[in-house]
**Student:** 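Provided herewith is a single structure, encoded as structure tokens, for subsequent inquiry.
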Amino acid sequence: QLQLVESGGGSVQAGGSLRLSCAASGDPYSRACMAWFRQGLGKEREEIATIDMFGRTTYKDSVNGRFTISQDNAKNSLYLQMNNLEPEDTAMYFCAADRGQHWPRSCPARLPYEHWGQGTQVTVSA
């Protein structure tokens, strides 16, 4: 089945940048919809960016303009470029994938993603 492995996390100063990667292996049909989530210590997991099979993207308001989600199908990889990081961005970041809706082909809002990576930690210090 589909496997997802995140990488690229680390510790940075406020204002710095990080690029997260999510390597996928398995049937591409199972990753028609992909997303990045994050969960801070003691907080609920939140969706921060999504990308569908047509390349359409959505962002959480607090990261819009600072984060960019992208996908390289040739490399079977998902990316999250994070710029102007703030301490509030400190969290465990997860990659998620789902087959989506077949008819019409779409990635519905509040999609319960079927596949998840183990996460990569991002720590932003002041």
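These values consider heavy atoms only, across backbone and side chains, with no hydrogens, waters or symmetry-generated copies. Computed from a predicted model, the values in this text were never measured in an experiment.
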**Student:** Roughly how far apart are Lys60 NZ and Arg66 CZ, rounded to 0.5 Å?
**Tutor:** 11.0 Å
**Student:** Other residues, nucleotides and ligands only: do more than 12 of their heavy atoms fall within 6.0 Å of CG on Asp61?
**Tutor:** no
**Student:** Can a donor-acceptor pair be found, under 3.5 Å and without considering hydrogens, that links the side chain of Glu6 to the backbone of Gln118?
**Tutor:** yes
**Student:** Please find the pair of heavy atoms, one from Tyr113 and one from Glu47, that lie closest to each other, and give the distance.
**Tutor:** CE1-OE1, 3.9 Å
**Student:** Count the heavy atoms belonging to other residues, nucleotides or ligands that lie under 6.0 Å from CZ of Arg38, then report whether that count exceeds 12.
**Tutor:** yes
**Student:** Hey, any chance Val122 and Leu4 share a hydrophobic cluster, counting ILVMFWY side chains that come within less than 4.5 Å of each other, even indirectly?
**Tutor:** yes
**Student:** Is any side-chain heavy atom of Thr90 closer than 4.5 Å to a side-chain heavy atom of Gln121?
**Tutor:** yes
**Student:** Cluster question for you: counting only ILVMFWY and a side-chain heavy-atom cut-off of under 4.5 Å, with indirect links fine, are Tyr59 and Leu18 together?
**Tutor:** yes
**Student:** Answer with yes or no whether the hydrophobic clustering places Ile48 together with Leu111; edges join I, L, V, M, F, W, Y residues whose side-chain heavy atoms lie under 4.5 Å apart.
**Tutor:** no
**Student:** If I compare all heavy atoms of Met34 with all of Gln71, which pair ends up nearest, and what's the gap?
**Tutor:** SD-OE1, 3.2 Å
**Student:** May I ask whether Val12 and Val63 are part of the same hydrophobic cluster, defined by side-chain heavy atoms of I, L, V, M, F, W, Y residues being less than 4.5 angstrom apart, directly or through others?
**Tutor:** yes
**Student:** I'd like to know if the side chain of Asp52 reaches the main chain of Ser106, judged simply by a donor and an acceptor atom lying under 3.5 Å from each other, with no hydrogens or angles considered.
**Tutor:** no
**Student:** On a heavy-atom basis, which atom in Ala14 and which in Ala126 lie closest, and how many Å separate them?
**Tutor:** CB-CA, 4.4 Å
**Student:** For residues Glu88 and Val124, determine if any side-chain heavy atom of one lies less than 4.5 Å from a side-chain heavy atom of the other.
**Tutor:** no
**Student:** Quick one: side chain to side chain donor-acceptor pair (under 3.5 Å) partners of Asn84, sequence neighbours excluded?
**Tutor:** none
**Student:** Between Phe67 and Tyr93, how do the two ring planes meet: parallel, tilted or perpendicular, split at 30° and 60°?
**Tutor:** tilted
**Student:** Between Arg31 and Met53, is there a side-chain heavy-atom distance shorter than 4.5 Å?
**Tutor:** no
**Student:** Please name the pair of heavy atoms, one in Thr120 and one in Gly8, separated by the smallest distance, quoted to 0.1 Å.
**Tutor:** OG1-N, 4.2 Å
**Student:** Evaluate side chain to side chain contact (heavy atoms under 4.5 Å, CB included) for Phe37 paired with Glu46, printing each intermediate quantity in order.
**Tutor:** CA-CA 5 Å; Phe37 288 75; Glu46 61 180 355; 5.9 Å; no
**Student:** For residues 85-119, which residue pairs pass the disulfide (SG to SG under 2.5 Å) check, not counting sequence neighbours?
**Tutor:** Cys22-Cys95, Cys33-Cys107
**Student:** Any side-chain donor paired with an acceptor under 3.5 Å for Ser77 and Ser21?
**Tutor:** no
**Student:** Roughly how far, to the nearest 0.5 Å, is the OG atom of Ser62 from the CG atom of Asp89?
**Tutor:** 7.0 Å
**Student:** Tell me, yes or no, whether the heavy-atom count around Arg105 atom CZ, taken from other residues, nucleotides or ligands under 6.0 Å, exceeds 12.
**Tutor:** no
**Student:** Can you tell me how far apart OG (Ser30) and NE2 (His115) are? Round to the nearest 0.5 Å.
**Tutor:** 4.5 Å
**Student:** Got a second to check how far Tyr79's OH is from Ser7's OG, nearest 0.5 Å?
**Tutor:** 9.0 Å
**Student:** Which heavy-atom pair separates Asp98 from Pro112 by the least distance, and what is that distance?
**Tutor:** OD2-O, 3.0 Å
**Student:** Could you give the distance from CE (Met92) to OG1 (Thr123), rounded to the nearest 0.5 Å?
**Tutor:** 8.5 Å
**Student:** In terms of side-chain heavy atoms, does Gln3 have a donor or acceptor partner in Ser25 at a distance below 3.5 Å?
**Tutor:** no
**Student:** Going through the distances and angles, do Met82 and Leu20 end up as a side chain to side chain contact (heavy atoms under 4.5 Å, CB included)?
**Tutor:** CA-CA 8 Å; Met82 305 185 294; Leu20 305 184; 3.7 Å; yes
**Student:** At what distance, to the nearest 0.5 angstrom, does CD1 of Ile69 lie from CH2 of Trp36?
**Tutor:** 8.0 Å
**Student:** Does Gln13 use its side chain to pair, donor to acceptor, with the backbone of Gly16 at less than 3.5 Å?
**Tutor:** no
**Student:** Check whether any side-chain heavy atom of Ser70 lies under 4.5 Å from a side-chain heavy atom of Gln81, and answer yes or no.
**Tutor:** no
**Student:** Please determine whether side chain to side chain donor-acceptor pair (under 3.5 Å) holds for the pair Thr50 and Thr58, giving the CA-CA distance in whole Å, both sets of side-chain angles, and the decisive distance to 0.1 Å.
**Tutor:** CA-CA 5 Å; Thr50 68; Thr58 69; 2.4 Å; yes
